[in-house]
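Here is the naming used below: chain letters follow the sequence lines, and residue numbers restart at 1 for every chain.
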Amino acid sequence: MSQKIFNTATRKKEVFQPIKEGAVGIYVCGITTYDVCHVGHARAAIVFDVVVRHLRARGYNVTYVKNFTDVDDKIIERANKEGVSITEISERYIKAHDEDMAALGVQTPTVTPRATEHMEDIIALISALEKQGYAYCVDGDVYFSINSYGKYGNLSGRNLEEMIAGARVDVNDKKKNPLDFALWKKSKEGEPYWESPWGKGRPGWHIECSAMSRRYLGDTFDIHGGGEDLIFPHHENETAQSQAATGKPLANYWIHNGFVKIDSEKMSKSLGNIFPVKEIIKNYHPEVLRLFMLQSHYRSPVDYSESSLTEARAGLIRCYTTLKIMKETLDKLSVDTVKADKKSSENRNNYISKFNKLVDKFDAAMDDDFNTAQALGHVFDMVRLTNNFIVDEKHMPDYVKAETLEEAKKVFDHFGTVLGIFHSDADQFFVSDKETELRKRGLDKEKIEDLIKQRQVARSQKDWAKADAIRQELGQLHIVLKDSANGTSWMID
RNA sequence: GGCGGCAUAGCCAAGUGGCUAAGGCAGCGGUCUGCAAAACCGUUAUUCCCCGGUUCAAGUCCGGGUGCCGCCUCCA
């Protein structure tokens with residue numbers, strides 16, 4: 001089955017045809033380095049991480065470029081406010097970004113270029129546009145002339161006349177057309193600057209992506225991605241200037257992820273509902289956030305709330321419980337050499353064939369415009385199937401059981417590799433989950449374990465009333481006990 | 001005002017023309033258990049916002065309505 005991608009440029013799902021057989025060039029707009037990453041950045045990062053992971057799993061040699069916009073008004077503003085250089089601000093937030101991404105299990109892109117390190121490319125590109133008559137310089141500023149380029153508005157599906165009619169009164173009368181945008185901005189007193197043919201200045205917002213994508217991926221590449229808010233004006237401007245300069249399309253497919261809402265409201269500074277990644281992962285295992293994001297289709301809006309993360313946590317616990325049982329079952333198996341009887345061989349083959357069917361379905365879901373929600377449905381089917389196996393095949397010879405479980409493990413490894421989950425050791429997952437929940441709820445571990453010990457004593461004396469009283473008491477604190485042959489374990493509900 | 005999107009069970013969420021409308025969370029009944037938990041089995045939408053149309057056949061396509069949301073200004 002072939003890969004399908006919903007292309008923003010055509011608003012249709014299309015069959016993906018790479019420029020070069022077996023290879024994919026993808027450029028995703030990264031962050032502007034003036035603040036820490038929030039849950040919205042996390043979504044975009046996770047979405048494109050999974051896109052790349054899946055394409056790689058399908059055998060494509062993917063070159064993934066994600067930039068840092070490290071020169072911008074907001075960075076300058078912040079630097080001035082703190083009385084430090086823009087480099088210091090950028091370095092700080094790039095570092096924070098990298099930490100967050102690592103915590104979220106987001107793989108580092110192939111190339112992570114910075115605007116400030118590509119000034120020559122940027123200036124060359126603007127010069128080319130000026131030479132070809134697509135750009136004009138006024139007082140040290142350089143603007144892109146949208147009228148000289150016939151296809152402006154194509155990507156975002158906007159109509160030029162209507163946009164001009166609806167445009168705000170533009171105070172900048174230097175522009176020939178109010179929709180013209182800056183390629184190069186003359187630097188004001190005290191602002192950082194670079195020397196250029198137009199004097200001291202710095203690049204406009206969009207040009208750095210055009211320059212850097214071209215540098216690493218060529219004039220035309222396969223996929224360009226970003227958050228849906230970037231469609232206009234950023235990507236519209238980017239594609240206009242790139243295409244004007246090279247005479248070739250910038251990207252063949254445009255992918256845009258939907259927004260994260262917070263408790264059904266738009267996330268914004270004025271509402272004060274911005275959730276930094278660092279805050280979230282204090283309270284939840286990073287894979288909880290990933291699972292939450294991946295349970296919705298990447299183009300749909302997603303509604304972030306405490307309860308939605310709590311639900312995602314329950315789902316992840318379900319998966320890790322099975323992973324843990326699998327591991328324990330495998331560890332207990334003896335290396336007997338009992339030959340598989342006909343029945344158990346058949347059963348084994350039966351299960352393995354079902355496993356493989358789920359893998360096919362999972363891959364097919366991912367092929368269909370990266371439908372992670374559907375793919376996760378198959379992951380949970382695999383969880384149930386594995387549990388079934390463990391419950392139903394108690395009498396299978398260990399050797400055959402082990403073979404089957406090893407196959408199941410491979411399947412989970414595949415799912416985990418593509419979605420970027422199941423990367424913790426199962427035991428470790430529950431340890432860290434417990435610690436997180438204890439901290440979050442301010443519970444005292446010592447006290448809990450002491451009560452459990454008291455209950456153990458009561459149980460050994462068959463004092464069920466006392467044992468149950470303690471269970472109840474702990475239950476009030478959402479502590480769930482599990483008695484087993486080798487003691488009592490507990491977790492937080 | 002312009003452009004675009006969404007509406008599926010108590011909640012979250014796939015499915016875009018045709019077998020029984022995925023999956024998760026929550027709930028209920030059962031198996032297991034000293035009691036529980038986990039796991040398993042069963043169960044929870046005769047129906048997909050409303051009205052009309054196309055079709056042998058529609059949640060899925062078309063028209064209209066209602067409601068919600070995003071973009072058009074910095075934004076993942």
Measuring to OP1 and OP2 of [N], would you say a side-chain N or O of [X] lies under 4.0 angstrom away?
X: A:Thr321; N: B:A37; value: no
X: A:Arg318; N: B:G24; value: yes
X: A:Arg384; N: B:A38; value: no
X: A:Asn371; N: B:A14; value: no
X: A:Asn387; N: B:C41; value: no
X: A:Arg455; N: B:A36; value: no
X: A:Lys266; N: B:C71; value: yes

Checking all strands, does A:Val260 fall into the base, sugar-phosphate, or nothing category for heavy-atom contacts under 4.0 angstrom?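 If one applies the 4.0 Å heavy-atom cut-off, A:Val260 turns out to touch a base.
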query = Which part of the nucleic acid does A:Ala373 contact within heavy-atom distance under 4.0 Å: base, sugar-phosphate only, or nothing?
reply =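 Since a base atom lies under 4.0 Å of A:Ala373, the category is base.
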[atom1] atoms of [N] and [M], separation to the nearest Å:
N: B:C25; M: B:U20; atom1: C1'; result: 23 Å
N: B:A7; M: B:A13; atom1: C1'; result: 13 Å
N: B:G29; M: B:C69; atom1: P; result: 39 Å
N: B:G23; M: B:G64; atom1: C1'; result: 35 Å
N: B:A58; M: B:G2; atom1: P; result: 34 Å

Hey, does the side-chain of [X] have a donor or acceptor N/O within less than 3.5 Å of a partner on the base of [N]?
X: A:Arg471; N: B:A36; answer: yes
X: A:Asp483; N: B:C35; answer: yes
X: A:Glu311; N: B:G24; answer: yes
X: A:Arg11; N: B:G4; answer: no
X: A:Asp229; N: B:G70; answer: no

In this structure, which one of A:Leu443, A:Thr436, A:Ile448 forms a side chain to side chain contact (heavy atoms under 4.5 Å, CB included) with A:Ile492?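 Per the side chain to side chain contact (heavy atoms under 4.5 Å, CB included) rule, the option paired with A:Ile492 is A:Leu443, out of A:Leu443, A:Thr436, A:Ile448.
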Could you check A:Ile231, A:Ile5, A:Thr239 and say which one makes a side chain to side chain contact (heavy atoms under 4.5 Å, CB included) with A:Trp254?
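With A:Trp254 as partner, A:Ile231, A:Ile5, A:Thr239 yield a single side chain to side chain contact (heavy atoms under 4.5 Å, CB included), made by A:Thr239.
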| Along RNA chain B (nearest heavy atom to each residue), the more 5'-positioned of A:Arg459 and A:Arg299 |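 The residue mapped nearer the 5' terminus is A:Arg299.
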(Q) I want to confirm an ordering. Mapping A:Val391 and A:Asp303 to their closest nucleotides on RNA chain B, which one lands closer to the 5' end? (A)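 Final value for this comparison: A:Asp303.
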Under a 3.5 Å cut-off for both contacts, is B:C61 paired Watson-Crick or G-U wobble with anything, and if yes, with which nucleotide?
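B:C61 is paired with B:G53.
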Which base, if any, makes a Watson-Crick or G-U wobble pair with B:C3, both distances under 3.5 Å?
->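 Answer to the pairing question: B:G70, which forms a Watson-Crick or G-U pair with B:C3.
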| request: Determine, answering yes or no, if A:Phe380 is stacked on B:G24 under the 5.5 Å centre rule and the 30° plane rule. | output: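 A:Phe380 ring does not meet the centre or angle cut-off for B:G24; no stack.
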Kindly state whether the pair A:Phe259 / B:A76 counts as stacked, where counting means centroids closer than 5.5 Å and planes tilted less than 30° apart.
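Yes; centroid distance and tilt both under limits.
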Within a reach of under 6.0 Å around NZ of A:Lys409, are more than 12 heavy atoms found that belong to other residues, nucleotides or ligands?
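Result for NZ/A:Lys409: open.
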